[in-house]
There are 2 protein chains.
Amino acid sequence: MKTEKISEAVVRRLPVYLRFLNELNMKNVQTVSSQDLGNKLDLNPAQIRKDLAYFGEFGKKGIGYDVNYLIEKIRQILKLNQDIAVALVGAGNLGRALCNYNVYLKDNMKITAIFDDSPDKVGTSINNLQVHPMKELVGTIREEAIRIGIITVPASEAQSVADEFVRGGVEAILNFAPVIIKVPMHIRVHNADFTTDLQSLAYYLDE
Amino acid sequence: MKTEKISEAVVRRLPVYLRFLNELNMKNVQTVSSQDLGNKLDLNPAQIRKDLAYFGEFGKKGIGYDVNYLIEKIRQILKLNQDIAVALVGAGNLGRALCNYNVYLKDNMKITAIFDDSPDKVGTSINNLQVHPMKELVGTIREEAIRIGIITVPASEAQSVADEFVRGGVEAILNFAPVIIKVPMHIRVHNADFTTDLQSLAYYLDE
DNA sequence: TAGATTGTTAATCGATTAACAATC
DNA sequence: TAGATTGTTAATCGATTAACAATC
C-alpha cells in the first residue's frame with residue numbers, strides 16, 4: 001500500500017473494473033487474473049495490477065484476484081458502501097432519464113431529491129420523487145445531508161445552479177450542461193457533456 | 001502545421017474551445033487570447049496554443065485569435081461543417097433525451113433515425129422521427145449514409161446493437177451502455193456512461 | 001514440483017508546462 | 001516604439017508498459 005497521490009485516470013478506471021467484476025460475480029466466477037480483466041476491458045494487465053496495488057495487495061500470486069473480495073475492496077475505495085444522497089436539478093428529459101437509473105445503481109448512491117423551477121414541473125413526480133422549486137434546494141441539501149449534485153439544466157442556468165449547490169454544501173457535482181462551471185477548489189466537478197463526446201467522435205470519421 | 005499524430009486528449013479539448021468561442025461570438029467578441037481561453041476553461045494557455053498549433057497558425061502574435069476564424073477552423077478540423085447523419089438505438093428515457101438535443105446542435109450533426117425493438121415503441125414518434133424496428137437498421141444505415149451510431153439500450157443488449165451498427169457500416173459509435181463493447185479496430189468507440197462518472201465522483205467525497 | 005500470476009521496479013513513452021524569440 | 005501574445009523548443013512532469021523476483 002502506497003500513500004502516493006492517486007491519479008484521476010486510476011480512479012476513473014476503478015468503476016470500470018467494478019462493473020465487470022459484478023458481471024463475473026453474477027456468473028459465479030470465483031477468480032480473475034489481470035490478464036482476463038485486461039482482455040475484456042482493453043487495458044494492459046500491468047496497468048490493472050498497478051492500479052489495484054495503489055490501494056493494497058488484493059491478489060494472490062499464481063492465482064489472481066478473488067472476485068468477491070475485489071468487489072468489496074473497490075466498493076470501499078470508491079466509498080460506494082456508504083449511503084450517498086444525490087440531488088438533481090433540471091427535470092427535463094435528461095434529468096428524468098437519470099432518475100430512472102436509480103433502479104440500476106445497486107450501490108448505495110441514490111437520487112433523493114429533484115428540483116426545477118418551471119411551473120409545469122414543480123409538484124409533478126418522477127419515480128416517486130416530487131419535483132421541488134429551487135428555493136428549497138439549500139434547505140433540502142442540509143436536511144437530507146445531500147453530498148452530490150447533478151446538473152441537467154440548460155447551459156445558461158448551469159452556473160447559478162452550481163452556486164446554489166455550493167451554498168447548500170455539496171461536496172461534488174456532476175455537470176451535464178455544456179459549459180465549464182466555476183466552483184471553490186475543494187468541490188469536485190466532473191463534466192458529462194455528451195455534445196463534446198459526439199463532436200470529438202466526428203474528428204475520427206474517415207474524411 | 002505538424003503532421004504528428006494528434007493525441008486523443010487534444011481532440012477532446014477542441015469541442016470545449018469551440019463551445020466557448022461560440023459563446024464569445026454571440027457576445028460579439030472579435031478576438032480572444034490563449035490567456036482568456038485558459039482562464040475561462042481552466043486550462044494552461046500554453047497548452048491551448050500548442051493544441052491549436054497542431055493544425056495550423058491560427059493566431060496573430062501580439063493580438064490573439066480571431067474568434068470567427070478560429071470557430072471556422074475548429075469546425076473544419078472536427079468535420080462539423082459537413083452533414084453527418086447519426087442513428088440512435090434505444091428509445092428509452094435517455095434515448096429520447098438525446099433526440100431532443102438535435103435542436104441544440106447547431107452543427108450539421110443530426111440524429112436522423114431511431115430504432116428500438118420493443119413493440120410499444122415501434123411506430124411511435126420522437127421529435128418527428130418514427131421509431132423503427134431493429135431489422136431495418138442495416139438497410140437504413142446504408143440508404144441514409146449514416147456514419148455514427150448511438151447506443152442507449154441496456155448493457156445486456158449493447159454488444160448486439162454494436163454488431164448491427166458494424167454490419168451496417170457506421171464509422172464511429174457513442175456508447176451510453178455501461179459495458180465495454182468489442183468492434184473492429186477501424187471503428188471508433190467513445191463511452192459516455194455516467195454511472196462511471198458518478199462512481200468515480202464518490203471517491204473524492206470527503207470521507 | 002512446474003506453471004501461473006502477482007506486486008513492484010525500471011524503462012519508456014507521452015503529455016503538460018515554462019520560457020522565449022519572433023512579430024503584430 | 002512598447003506592450004502583448006503567438007508558435008515552438010526545451011524542460012518537466014506523469015502515466016503506461018515491460019520485465020522479473022517472489023510465491024501461490
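Chain identifiers are assigned alphabetically (A, B, ...) following the order of the sequence lines, protein sequences preceding nucleic acid strands; residue numbering begins at 1 within each chain.
Every residue two or more places apart in sequence or in another chain that forms a side chain to side chain donor-acceptor pair (under 3.5 Å) with B:Asp36 is listed here: B:Ser33. In terms of the salt bridge (Lys or Arg N to Asp or Glu O under 4.0 Å) criterion, residue partners of B:Arg13 (sequence neighbours excluded) are, by chain and number, B:Asp51. Under the side chain to side chain donor-acceptor pair (under 3.5 Å) criterion, B:Glu164 pairs with B:Arg167, sequence neighbours left out.
Nearest approach of A:Leu78 to B:Ala202, heavy atoms of both residues: O-CB, 3.1 Å. A:Gly95 and A:Thr152 get closest at one heavy-atom pair: CA-OG1, 3.6 Å. Here the closest non-hydrogen pair linking A:Leu88 and A:Cys99 is CD1-SG, 4.3 Å.
Proximity of A:Ser34 to the phosphate of C:dT5: no side-chain N or O atom is located under 4.0 Å from OP1 or OP2. One finds a side-chain N or O of B:Ser7 lying less than 4.0 angstrom from the OP1 or OP2 phosphate oxygen of C:dA15.
When each of A:Leu52 and B:Asp51 is assigned the nucleotide of DNA chain C bearing its nearest heavy atom, the one mapping closer to the 5' terminus is A:Leu52.
Figure legend: A:Lys73 and A:Phe55 shown without cation-pi pairing, the cationic atom not lying both under 6.0 angstrom from the six-membered ring centre and within 45 degrees of its axis. Both cation-pi conditions hold for A:Lys79 and B:Tyr203: the charged atom is under 6.0 angstrom from the six-membered ring centre and inside a 45 degree cone around its axis.
Of the candidates C:dA19, D:dT5, C:dT6, C:dA19 carries the atom nearest the B:Arg49 side chain, counting heavy atoms from C-beta on. Comparing D:dT6, D:dG7, C:dT8 by their closest approach to the side chain of B:Ala53 singles out D:dG7.
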note = Secondary structure of DNA chain D per the Watson-Crick/G-U criterion (both distances under 3.5 Å; [ ] crossing, | other strand, . unpaired) is ..||||||||||||||||||||||
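Of the residues in residues 58-71 of chain A, A:Phe58, A:Gly59, A:Lys60, A:Lys61, A:Gly62, A:Ile63, A:Gly64, A:Tyr65 come within less than 4.0 Å of DNA chain C through at least one heavy atom, sorted by number. Sorted by residue number, the members of residues 35-47 of chain B with any non-hydrogen atom under 4.0 Å from DNA chain C read B:Asn44, B:Ala46, B:Gln47.
Here the P atom of nucleotide D:dT16 and the CZ atom of A:Arg12 are 13 Å apart, to the nearest Å. Protein atom CD of A:Glu57 is 11 Å distant from nucleotide atom P of C:dT9, rounded to whole Å. Here the C1' atom of nucleotide D:dT8 and the CD1 atom of B:Ile48 are 16 Å apart, to the nearest Å. Atom pair B:Lys50:NZ and D:dA10:C1' shows a separation of 10 Å (rounding to whole Å applied).
Using bins of under 30°, 30° to 60° and over 60° for the plane-to-plane angle, the ring pair A:Phe115/A:His132 lands in the tilted bin.
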Trace of the side chain to side chain contact (heavy atoms under 4.5 Å, CB included) decision for B:Tyr204 with A:His190 = CA-CA 11 Å; B:Tyr204 296 99; A:His190 282 190; 4.1 Å; yes
task = Please step through side-chain hydrogen bond (donor to acceptor under 3.5 Å, both in side chains) for the pair A:Gln82 and A:Arg147, ending with a clear verdict.
result = CA-CA 12 Å; A:Gln82 49 180 284; A:Arg147 306 181 70 182; 2.9 Å; yes
